[in-house]
2 protein chains.
Amino acid sequence: MVEGDCAEVGDILSRVGDKWTVLVIVALADKPMHFNELKRLIDAISAKMLAATLKALVRDGMVTRHATDDLPPRVSYDLTPLGRNLLLVVRDLALWAVNNRGGIRAARLSYDTANPLARRLIKAG
Amino acid sequence: MVEGDCAEVGDILSRVGDKWTVLVIVALADKPMHFNELKRLIDAISAKMLAATLKALVRDGMVTRHATDDLPPRVSYDLTPLGRNLLLVVRDLALWAVNNRGGIRAARLSYDTANPLARRLIKAG
DNA sequence: CAGAATCCCCCATGATACTG
DNA sequence: CAGTATCATGGGGGATTCTG
């Protein structure tokens, strides 16, 4: 880790923390998927955000886009080795989240009962 | 990993992806720090966001807050075991980011030269 | 089917000023 | 020093409509 990496690392971190990126990557874990397949699977996502997320992932080299020139068009998205690599790290993070959700929930509960009024002042509370 | 964890995991993930949380956690890696110490170190952060981020971290059991009743007041923030645990996972993620920044940069460059106009249409482009 | 274009809203964040 | 209160804003994200 050298100096000056902060901005770049922050950029990548915020991409991971982005609302949809991780969900898309996890959705592609098993097999390539079409646009509307992804949309149905993630469901809460809008077409606009799915398109934007996929485009960003393709640009970053995490996902490939393959279109046939059939009609109706079919476009397949798949993870690249880089994306698959990220999947592993993200999965560790998710695993940590699952393993520690008890502790976090307990901490919140105790904080909130000790300090009921502060609750809504906290971000994402 | 059971069903229904998605929301909770997503919540924790978005906390990690939050603009300041990771920076604060990393800043506390070596030793406890005071409010303005943190502010000077992170620098770009506003007092408001630092306060909000710290409060959220305390509520989630990642950070402890210890205040002396001196005057002027001194408040120390430190990582809990849970926070220190998260630090490890986050560090893996940061490490991944550092190790793969070359690949990502290359992918972006190639994408952008192949498709110059799309550049500003992409989120966080 | 796979998106692009448009409109709109709201919340996270920033800047500034104030306080115990 | 360690915050809080208030106001302003920008862009992330949703809903809808349109197209190749």
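To find a chain, count down the sequence lines: A is the first, B the second, and so on, and within it residues start at 1. Scope of the values below: all heavy atoms of this structure, side chains included, with no hydrogens, waters or symmetry mates.
- By the side-chain contact (heavy atoms from CB on, under 4.5 Å) test, A/Leu41 pairs with A/Ala27, A/Met33, sequence neighbours left out.
- Each of A/Val16, A/Thr53, A/Leu86, A/Asp60 was evaluated against A/Thr21; a single residue qualifies, A/Thr53, per the side chain to side chain contact (heavy atoms under 4.5 Å, CB included) test.
- Checking the phosphate oxygens (OP1, OP2) of C/dC1, no side-chain nitrogen or oxygen of A/Tyr77 falls inside 4.0 Å.
- In this structure, the side-chain hydrogen bond (donor to acceptor under 3.5 Å, both in side chains) partners of A/Arg74, at least two apart in sequence or on a different chain, are A/His34.
- Heavy-atom distances under 4.0 Å link DNA chain C to A/His34, A/Phe35, A/Asn36 of residues 27-41 of chain A, given in residue order.
- Looking only at side-chain heavy atoms (C-beta outward), A/Asn115 and B/Arg59 stay at 4.5 Å or farther from each other.
- Considering only heavy atoms from C-beta on, B/Leu23 stays 4.5 Å or farther from B/Ile45 through its side chain.
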Subject >> Under 4.0 Å protein heavy-atom contact, by nucleotide of nucleotides 15-20 of chain C - B base, S sugar-phosphate only >> reply: B----B

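- Listed by chain and residue number, nothing satisfies the salt bridge (Lys or Arg N to Asp or Glu O under 4.0 Å) test with A/Arg65 (two or more places apart in sequence, or in another chain).
- Taking A/Ala97 as the reference, B/Val9, B/Ile12 meet the side-chain contact (heavy atoms from CB on, under 4.5 Å) condition, with sequence neighbours excluded.
- Partners of A/Asn36 according to the side-chain contact (heavy atoms from CB on, under 4.5 Å) rule, which considers only residues two or more places apart in sequence or in another chain, are A/Lys39, A/Arg40.
- Over its length, the helix from C/dC1-D/dG20 to C/dG20-D/dC1 turns its helix axis by 50°, as judged from the five terminal pairs at each end, rounded to 10°.
- By the side-chain hydrogen bond (donor to acceptor under 3.5 Å, both in side chains) test, B/Asn85 pairs with A/Trp96, sequence neighbours left out.
- Shown here are the salt bridge (Lys or Arg N to Asp or Glu O under 4.0 Å) partners of B/Arg84, two or more places apart in sequence or in another chain: B/Asp78.
- Sorted by residue number, the members of residues 60-69 of chain A with any non-hydrogen atom under 4.0 Å from DNA chain C read A/Arg65.
- A/Ile42 places a side-chain heavy atom less than 4.5 Å from the side chain of A/Trp20.
- Evaluation of the side-chain contact (heavy atoms from CB on, under 4.5 Å) rule for A/Val63 yields A/Leu28, A/Leu57, A/Val58, A/Tyr77, A/Leu79 as partners, not counting sequence neighbours.
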